[in-house]
Amino acid sequence: MEEELSVWIREAFSAAGFEPEKLSGGLSVVPTADDRFGDYQCNAAMGLARLQKKNPREVAQSVIGSAKPHEAIEKAEIAGAGFINLHLRADWMARRLEAAQADPRLGASEPGQGRTVVIDYSSPNVAKPMHIGHIRSTVIGSALDRLHRFLGYRVIADNHLGDWGTQFGILVLGWKRELDEQALKADPITELERIYKATHAACEADPAQRELARQELVRLQQGDAENLTIWETMQHLSQDQFNEMYQRLDVRFDVTLGESFYNPRLAGVVESLVTSGVARESLGAIGVFSDGGVADKDDPFRISRNGEWIDNPCLVRKSDGGFNYATTDLATLTYRVETWSPETILYVTDGRQQLHFRQIFAIFRRWRPDVQVRLEHIWFGSILGADGKPFRTRSGETVKLRDLLDEAEERAFKLVTEKSPDVEERVRRDIARAVGLGAVKYADLMTHRQSDYVFNWDKMLSLEGNTAPYLQYACARIASVQDKYGERFPGRSPADQPIVLGDPMERRLAARLLQFPDVVLRATNQYKPNVLTDYLYDLAQVYSAFYQNVPFLKAEDGVRESRVRLCDVTAKTLRVGLGLLGIEAPDRI
RNA sequence: GUCCCGGUAGCUCAGUUGGACAGAGCGCUGGAUUCCUAAUCCGGAGGUCGUGGGUUCAAGUCCCGCCCGGGAUACCA
């Protein structure tokens with residue numbers, strides 16, 4: 001819609017003798033800030049008038065005068081300092097909505113066709129419980145995954161597990177020494193966590209213990225059969241846990257290539273970096289230093305200490321010969337480029353890794369200048385408790401993901417039971433699952449990605465305000481309308497009647513509905529799920545006002561069908577939109 | 001010290017290439033329910049957009065200084 005109108009008005013500018021391409025940032029049409037300004041507006045006449053030293057309103061006037069008629073536009077008018085306001089024709093909007101109703105994609109195009117994007121998200125650690133720290137990466141990554149897929153992209157969702165590294169020396173040592181088979185059977189991850197903590201503490205206290213752990217690690221890395229078997233067992237036990245969490249969250253990956261997968265490639269990466277002159281030896285380690293290409297303050301390999309700019313290298317091999325995460329990330333990046341030839345790779349991690357990824361991306365550019373790939377660090381803020389500090393349990397522990405999801409469902413179940421005590425328990429459980437998990441996901445997606453946000457059960461589960469339950473409630477009400485229509489008018493189908501936008505409430509709802517494809521595009525291109533949540537919330541509010549103030553089942557023939565169709569398009573839009581965020585909308589709530 | 005984020009209504013937060021009197025929710029306050037789920041809707045009050053300059057026809061948005069908070073800052077990831 002926006003693009004269609006933008007193309008149209010660009011032609012009008014050209015026809016009027018202006019050069020819209022001269023405008024920095026291009027020329028486009030955006031939805032109006034206020035309904036009384038029409039449906040879409042173009043602000044370019046003012047910018048262009050300034051460039052060409054002309055009167056903005058006159059520019060706007062001549063653009064309107066030169067514009068070809070457009071089937072969607074009822075009128076274009078000049079307002080204020082030189083805004084061009086576009087009013088859409090109600091009957092055109094109605095036809096568009098009818099088409100959207102019949103289209104599972106609601107009129108959205110597929111600009112991602114033929115394009116590949118790799119998305120790296122979730123990435124939990126083996127042998128540890130998934131915790132609240134994993135939720136943002138998982139939920140945001142999954143939403144970006146769904147958005148891209150919806151727009152036709154070929155998506156490679158890659159779960160880059162933390163399945164290798166020094167912690168496995170400790171784990172193997174602990175496994176051999178104090179594994180409780182019974183406990184492992186009952187709750188494997190808790191037992192793995194226990195032996196890790198106990199052994200880690202022993203190593204901290206005693207250098208001899210530390211040496212034992214180191215030896216176990218070396219044996220593992222050398223392919224010792226026993227240690228490898230233990231390691232593999234831990235992988236499987238962990239994967240069971242991950243699968244359980246992902247199933248509950250309805251998250252899927254195309255590949256799960258953990259750090260261990262890249263282990264055989266690390267030495268080659270370092271060697272290549274050194275021979276190509278990108279990396280060099282320093283203090284026994286090997287690292288990448290600044291190439292002086294940019295100013296110190298913009299250089300990820302430079303840092304100021306006490307007023308003096310010094311090197312801040314990215315190490316790719318430690319002085320003890322071991323590799324670190326930068327090495328793994330470079331090997332991973334290379335593998336992804338070679339395997340899938342993606343146009344873009346997205347890394348969905350927390351904001352603390354910004355410097356790390358700036359370095360990794362800079363190294364890759366220097367190392368592989370021939371490779372064309374867009375690299376984006378999609379970082380996010382922290383989840384805080386009411387005290388403004390990282391969210392923890394009352395006893396100060398990290399909140400485990402399983403406990404969090406359990407509590408979400410339990411709280412939702414209480415709410416559902418309170419509101420609908422007559423519904424049978426099995427159904428209430430199903431509703432509670434959708435509402436509880438939806439609330440948690442939505443709370444995570446609704447805030448701007450990069451903001452920290454305060455975790456608040458009551459707020460996210462509230463039926464008031466910008467929450468998943470509010471949107472789910474709107475869907476459930478529509479489902480109820482549709483049921484009632486079927487009961488009272490058996491044998492009739494609303495789709496046999498045209499949509500008519502007579503009432504201002506109807507028109508307002510229709511205008512919002514038609515924005516859906518543009519919103520999905522914007523949310524995807526900006527990697528900002530909250531663009532979509534804001535839209536869905538606004539849509540639900542507009543619908544609720546419509547629902548409250550306009551009768552449909554009691555309306556006269558024809559009008560009734562048209563309104564039920566509007567309800568239907570709204571429900572589809574909300575459901576598809578929520579679906580893109582990984583949130584279910586039950587028929588009753 | 002330096003870099004990155006943030007500072008918008010009492011609280012929690014949106015604010016799309018700079019655009020029309022700065023928006024929403026909660027809270028506060030006044031209304032609406034013989035009717036499609038009131039888990040809702042309609043109205044009202046409430047803001048020097050941290051601060052001081054600058055650029056512009058137009059600045060919450062761009063530039064510079066300063067204040068406050070969080071994060072990052074070679075052998076963890």
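Within every chain, numbering begins at 1; the chains are lettered A, B, ... in the order of the sequence lines, protein sequences first and strands thereafter.
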Paired with [N] by Watson-Crick or G-U wobble geometry, both distances under 3.5 Å: which nucleotide is it?
N: G18(B); result: none
N: C28(B); result: G44(B)
N: G23(B); result: C13(B)
N: G69(B); result: C5(B)
N: C36(B); result: none

As a test of reading the structure: which of [options] is closest to the side chain of [X], going by heavy atoms?
X: N324(A); options: A39(B), A77(B), G15(B); result: A77(B)
X: R522(A); options: A39(B), A77(B), U16(B); result: U16(B)
X: N43(A); options: C41(B), G19(B), G25(B); result: G19(B)
X: Q353(A); options: C21(B), G15(B), A77(B); result: A77(B)
X: Y470(A); options: A24(B), G70(B), U40(B); result: U40(B)
X: K318(A); options: C76(B), C42(B), U37(B); result: C76(B)
X: S28(A); options: G15(B), U37(B), U17(B); result: U17(B)
X: Y537(A); options: U73(B), G71(B), A24(B); result: A24(B)
X: N312(A); options: A72(B), C4(B), A74(B); result: A74(B)
X: M46(A); options: C57(B), C41(B), A20(B); result: C57(B)

Between [N] atom [atom2] and [X] atom [atom1], what is the distance in whole Å?
X: Y543(A); N: U40(B); atom1: OH; atom2: C1'; result: 11 Å
X: N85(A); N: G19(B); atom1: CG; atom2: C1'; result: 12 Å
X: H448(A); N: G25(B); atom1: NE2; atom2: C1'; result: 19 Å
X: D34(A); N: G19(B); atom1: CG; atom2: C1'; result: 14 Å
X: H377(A); N: A77(B); atom1: NE2; atom2: C1'; result: 12 Å
X: Y547(A); N: U37(B); atom1: OH; atom2: C1'; result: 5 Å
X: H356(A); N: A77(B); atom1: NE2; atom2: C1'; result: 8 Å
X: F168(A); N: A77(B); atom1: CZ; atom2: P; result: 12 Å

Discussion item. Can you tell me if F83(A) is stacked onto the base of G19(B), using a 5.5 Å centroid cut-off and an angle below 30°?
Written reply: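 Here the ring of F83(A) and the base of G19(B) are not stacked, as the 5.5 Å and 30° limits are not both satisfied.
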Practice prompt. Could you tell me whether the side-chain ring of F552(A) sits stacked on the base of C36(B), using a centroid cut-off under 5.5 Å and a plane angle under 30°?
Written response: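 Stacked: ring centres under 5.5 Å, planes under 30°.
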Practice prompt. On the 0 to 90° scale, with breaks at 30° and 60°, tag the F357(A)-F361(A) ring pair as parallel, tilted or perpendicular.
Written response: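 It falls in the tilted class, 30° to 60°.
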Presence of [X] side-chain N/O under 4.0 Å of [N] phosphate oxygens OP1/OP2:
X: K128(A); N: A77(B); answer: no
X: R305(A); N: A74(B); answer: yes
X: K419(A); N: A38(B); answer: no
X: R477(A); N: A38(B); answer: yes
X: Q472(A); N: A39(B); answer: no
X: S544(A); N: A38(B); answer: no
X: N530(A); N: G15(B); answer: yes

For nucleotides [N] and [M], find the distance between their [atom1] atoms and express it as a whole number of Å.
N: C21(B); M: U37(B); atom1: P; value: 42 Å
N: C49(B); M: A72(B); atom1: P; value: 32 Å
N: A59(B); M: G15(B); atom1: C1'; value: 14 Å
N: G31(B); M: U48(B); atom1: C1'; value: 34 Å
N: A20(B); M: C36(B); atom1: P; value: 42 Å
N: G60(B); M: A14(B); atom1: C1'; value: 12 Å
N: U51(B); M: A9(B); atom1: P; value: 10 Å
N: A39(B); M: G23(B); atom1: C1'; value: 24 Å

Discussion item. Quick check: any donor-acceptor pair below 3.5 Å linking the side-chain of S282(A) to the base of A74(B)?
Written reply: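 Flag set: donor-acceptor pair detected.
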Worksheet item: Side-chain donor or acceptor of Y325(A) under 3.5 Å from a matching atom on the base of A77(B)?
Response: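 In this structure, the two groups form a donor-acceptor pair.
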With a 4.0 Å cut-off on heavy atoms, is [X] in touch with a base, just the backbone sugar-phosphate, or nothing at all?
X: D518(A); answer: nothing
X: L415(A); answer: nothing
X: I589(A); answer: base
X: A79(A); answer: base
X: R563(A); answer: nothing

Discussion item. Need to verify one output field. Residue with the more 5' nearest nucleotide on RNA chain B, Q41(A) or S480(A)?
Written reply: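 The answer here is Q41(A).
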Please determine whether a side-chain nitrogen of the Lys or Arg among [X] and [Y] lies less than 4.0 Å from a carboxylate oxygen of the Asp or Glu.
X: R136(A); Y: D350(A); answer: no
X: D430(A); Y: R588(A); answer: no
X: E418(A); Y: K414(A); answer: no

Discussion item. Among K441(A), R575(A), R433(A), which residue satisfies the salt bridge (charged side-chain N to carboxylate O under 4.0 Å, His left out) criterion with E584(A)?
Written reply: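 When K441(A), R575(A), R433(A) are each tested with E584(A), the salt bridge (charged side-chain N to carboxylate O under 4.0 Å, His left out) holds only for R433(A).
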Worksheet item: Is any side-chain heavy atom of T447(A) closer than 4.5 Å to a side-chain heavy atom of N530(A)?
Response: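 Heavy-atom side-chain distance check fails, nothing below 4.5 Å.
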Item to complete: List the steps and the verdict of side-chain contact (heavy atoms from CB on, under 4.5 Å) for F83(A) and T32(A).
Response: CA-CA 10 Å; F83(A) 299 94; T32(A) 51; over 6 Å; no
Worksheet item: Under 3.5 Å, is there a donor-acceptor pair between the side chain of Y442(A) and the main chain of L581(A)?
Response: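 Looks like no, no N/O pair under 3.5 Å.
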Worksheet item: Are Q541(A) and Y470(A) linked by a side-chain donor-acceptor pair shorter than 3.5 Å?
Response: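 Judged by distance alone, the side chains do not pair up.
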Worksheet item: So, D444(A) versus Y453(A): side-chain donor-acceptor pair below 3.5 Å or not?
Response: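 A pair is found: one side chain offers a donor N or O, the other an acceptor, under 3.5 Å apart.
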